[in-house]
Each structure stands twice: as structure tokens, then as C-alpha cells.
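Throughout, residue positions are numbered sequentially from 1 according to the sequence presented.
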Amino acid sequence: MVWDSSSTAKINSFLGSMNVDGIRVPVIAYAKKLFRPITPSVLVLDLVGGPAGDISPGLNDSMQEALAQRGAIVVKPAYAGTRHRSRYPAPDLDGAVREVVEIVRQLRRANPHSRLIVMGESLGGYIAAKAVSSQDDIPVDGLSLIVPLVYSPDQAIENFRRLARVSGKQFTPLWIRSDPSRSPVQPVDRSTRLRVSEYRAVSSMDLFEGYFPPEARTTGLLAYLTGKTRPPTLIAYGATDERVGIEALQAATSLPGNIHLLKLDHSGHAINAAAAERVATMMWSTFSLSSHKGRSN
């Protein structure tokens with residue numbers, strides 16, 4: 001099944017799945033139309049934000065389109081804790097990390113000559129950093145964190161509650177599919193009827209609090225990026241983002257030499273097309289992607 005992701009960029013979205021530890025994990029891939037089998041020169045594993053993030057195309061494809069326009073293939077899996085498959089109220093973080101590590105290894109085996117970048121957005125950035133730090137030999141060429149959660153989970157919870165008090169807004173209910181004993185649901189397209197009985201609504205705050213096991217609740221992003229040899233890492237953050245703890249990045253007196261910061265002056269927590277172009281350009285520079293070539297199969 002193929003969607004036309006953009007009326008202007010002519011990027012296609014492809015629906016597929018991967019077998020990860022015996023579970024069929026839905027995957028969306030973004031690419032220009034391929035005319036022959038090819039090993040992509042750049043392959044990006046994209047972890048959406050969350051919890052209850054949605055991988056369905058058309059929601060906000062600016063970052064994926066900017067990368068695909070440069071020749072990358074972007075793979076976006078429904079990892080544990082997305083709306084497609086959640087174990088709430090059981091924590092999903094460790095399951096997500098295990099799945100990301102396994103997906104990376106599968107992608108590397110299938111594409112040994114590609115530059116493989118792990119990219120995470122918001123909570124997905126936190127998960128990406130934890131996954132890459134969990135394995136000394138994880139075969140990635142770069143880590144790209146887009147408006148990532150910098151706070152520890154406990155700090156983020158406190159901050160979200162403060163923002164809610166200031167704004168007077170209630171936490172939004174989110175829909176999740178929460179029966180792990182059945183095959184994960186595919187992303188919804190126009191021809192698919194949503195089976196509402198398979199979903200339930202849970203407060204976004206409850207989902208966030210329940211996502212993390214107790215031992216992870218006091219660990220912030222920077223702890224996963226220091227202390228060991230790490231791949232080149234790009235952290236792109238919005239200058240007006242109040243959600244994730246960018247002050248920790250701004251206050252850091254010294255960061256490891258492999259970490260590169262990109263301040264998006266006109267962005268908060270959302271990434272528009274202009275910001276996506278800046279991030280993609282910086283990724284190509286940081287990870288030396290321009291000179292790398294794939295191989296025809």
C-alpha cells in the first residue's frame with residue numbers, strides 16, 4: 001500500500017511491517033519512487049514522539065519529506081508505547097528500547113553499506129538516546145535528536161503539571177490500542193475502518209507517568225549521551241520550547257565533542273517545513289552524508 005505523502009515534494013509513503021522478537025511491528029517508510037532495487041545511501045530510523053505517538057502518514061511529514069528529498073529512506077516503526085501497541089498501565093520504555101536495538105540490527109544486516117542514522121522526536125529522542133547507549137556495539141553512524149525530552153521523566157512530569165496549572169488546560173485524552181496478546185493494528189488509512197472497540201482513551205499525563213519504570217524516572221537525556229564512546233550526535237531544539245528542558249542544554253558548560261547543538265530560533269516544540277530543512281541540512285553536514293553512496297542490488 002502506497003500513499004502520496006506530499007502534493008509538492010512527491011514523496012511516497014509505504015506501509016510494511018517487521019518481525020521484532022516474534023511481534024509484527026507496523027512500519028511506514030518514506031522515499032522517492034524507486035525504479036530499481038537499491039541499497040540506500042542514507043537510511044534513517046525515525047522514532048515518533050509520545051507516548052501514544054502515531055506513525056500514520058500525513059500527520060506532520062515535514063522532517064521525513066526533507067530527508068527523503070535528499071535521497072534518504074526514512075523508516076518509522078510503531079514501537080512499544082505508540083498508539084498502535086501499548087502495554088499501559090505497565091511501563092513500555094524498556095520494551096521500546098529493546099525493539100529499537102533489534103530494528104537497528106535488522107536494518108544494518110539488510111543494508112550493510114548504508115549510512116544508518118537513528119532519529120528521535122520528543123520522547124522518541126529520549127528513547128533513541130537510551131537505546132544507542134545501551135549497546136557498546138550498536139551499528140549506527142549517527143544519532144539525531146529532534147526537540148528531544150531533555151528532562152528526567154520526574155522533572156518532565158512536574159513541568160507538565162506546572163504548564164497545565166498556568167494555562168488552565170486539562171490533559172488531553174489519547175487513544176491507544178492496549179491488547180498486547182493480539183497482532184498490532186496497522187496505521188489507519190482512508191480505506192480502513194477504525195475498530196473503536198480495540199482502543200481506549202487515557203489521559204496523556206497518565207500515559208506519560210506510566211511509560212517509565214521506577215529505575216528510569218530520575219535519568220535525564222544527557223546521562224545517556226556521556227560516559228562512553230558515542231556516535232556523532234545532533235540535538236536540534238526549539239528556542240521557545242517549554243516542554244522538554246532545553247535549559248539543561250543551554251546551561252551545560254561542556255558537552256562531549258561528538259555532540260552538536262542546533263538552536264531553532266523560531267520554533268517551539270513543533271517542527272515546521274522551514275525548521276525541518278535546517279535540521280536535514282545540519283544532519284547531512286554533521287554525519288558527512290553528502291559523500292556517501294549506496295549500492296545497487
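Counted by atom type alone, Thr281 and Arg70 present one or more donor-acceptor pairs between their side chains at under 3.5 Å.
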Original post:
salt bridge (Lys or Arg N to Asp or Glu O under 4.0 Å) between Arg165 and Glu158: does it pass, once the steps are laid out?
Top reply: CA-CA 11 Å; Arg165 287 194 302 270; Glu158 181 180 351; over 6 Å; no
Original post:
Going through the checks in order, is the side-chain contact (heavy atoms from CB on, under 4.5 Å) test met by Val279 and Leu264?
Top reply: CA-CA 9 Å; Val279 173; Leu264 301 172; 4.1 Å; yes
Subject >> side-chain contact (heavy atoms from CB on, under 4.5 Å) evaluation trace for Leu261 with Met282 >> reply: CA-CA 10 Å; Leu261 299 182; Met282 188 70 171; over 6 Å; no
**OP:** List the steps and the verdict of side-chain contact (heavy atoms from CB on, under 4.5 Å) for Glu247 and Tyr151.
**Re:** CA-CA 9 Å; Glu247 59 270 20; Tyr151 283 137; 2.6 Å; yes
Original post:
Given the rule in the side-chain contact (heavy atoms from CB on, under 4.5 Å) test, do Ile271 and Val147 qualify, once you have shown the distances and angles that lead to the verdict?
Top reply: CA-CA 8 Å; Ile271 294 294; Val147 293; 4.2 Å; yes
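Under a 3.5 Å cut-off, the side chain of Ser114 and the backbone N or O of Leu116 do not form any donor-acceptor pair. Judged purely by atom type and a 3.5 angstrom limit, Lys32 has no side-chain atom pairing as donor or acceptor with the backbone of Gly71. A distance-only check finds a donor-acceptor pair linking the side chain of Arg230 to the backbone of Tyr224 [under 3.5 Å]. When atom types are taken as modelled, the side chain of Gln106 and the backbone of Asn19 share a donor-acceptor pair closer than 3.5 angstrom. Within the 3.5 Å criterion, the main-chain N or O of Pro231 finds a donor-acceptor partner in the side chain of Thr233. Side chain of Ser204 to main chain of Pro173: no donor-acceptor pair is present (N/O by atom type, distance under 3.5 Å, no hydrogens or angles). With Arg24 contributing its side chain and Ser17 its backbone, the two residues share no donor-acceptor pair below 3.5 Å. In this structure, Arg278 contributes its side chain and Lys263 its backbone to a donor-acceptor pair below 3.5 Å. The closest donor-acceptor contact from the side chain of Arg115 to the backbone of Phe287 lies under 3.5 Å. Remark: side-chain polar atoms of Asn111 are paired, donor with acceptor, to backbone N or O of Leu107 under 3.5 angstrom.
Considering CZ of Arg87 and CG of Asp94, their distance stands at 9.5 Å, rounded to 0.5 Å. Atom CG in Leu234 sits 8.0 Å away from atom NE2 in His260 (nearest 0.5 Å). Met205 CE to Phe171 CZ: the interatomic distance, rounded to the nearest 0.5 Å, is 5.5 Å. For the atom pair CG (Asn159) and CD (Glu242), the distance works out to 8.0 Å, reported to the nearest 0.5 Å. Here Leu255 contributes atom CG and Leu225 contributes atom CG; the two are 8.5 Å apart, rounded to the nearest 0.5 Å.
In this structure, the side chains of Val202 and Leu174 stay at 4.5 Å or more apart for every pair of heavy atoms. Side-chain contact between Ile11 and Gln64 is absent, with no heavy-atom pair separated by less than 4.5 Å. Annotation: side chain of Leu15 is in contact with side chain of Ile28 (closest heavy-atom distance under 4.5 Å).
When every heavy atom of Phe208 is checked against every heavy atom of Pro153, the shortest pair comes out as CE2-O, 3.9 Å. Shortest non-hydrogen contact noted between Leu221 and Ala129 is CD1-CB, 3.6 Å. Between Gly125 and Pro148, the shortest heavy-atom contact is CA-CB, 4.1 Å. Across every non-hydrogen atom of His84 and Ile55, the tightest pair is NE2-N, 3.1 Å. For the pair Glu99 and Tyr79, the tightest heavy-atom approach, listed with the atom from each and the gap, is OE1-CA, 3.5 Å. Leu47 approaches Pro77 most closely through the heavy-atom pair CD2-CG, 4.1 Å.
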Show every donor-acceptor pair shorter than 3.5 Å between a side-chain atom in residues 210-220 and any protein atom, with sequence neighbours excluded, or say none if there are none.
| from | atom 1 | to | atom 2 | distance (Å) |
| --- | --- | --- | --- | --- |
| Tyr211 | OH | Ala80 | O | 3.0 |
| Arg217 | NE | Asp154 | OD1 | 3.0 |
| Arg217 | NH1 | Glu209 | O | 2.9 |
| Arg217 | NH2 | Asp154 | OD1 | 3.3 |

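Salt bridge Arg105/Asp137: present, at least one basic N to carboxylate O contact under 4.0 Å.
More than 12 heavy atoms of other residues, nucleotides or ligands shown are found within 6.0 angstrom of CD on Gln135.
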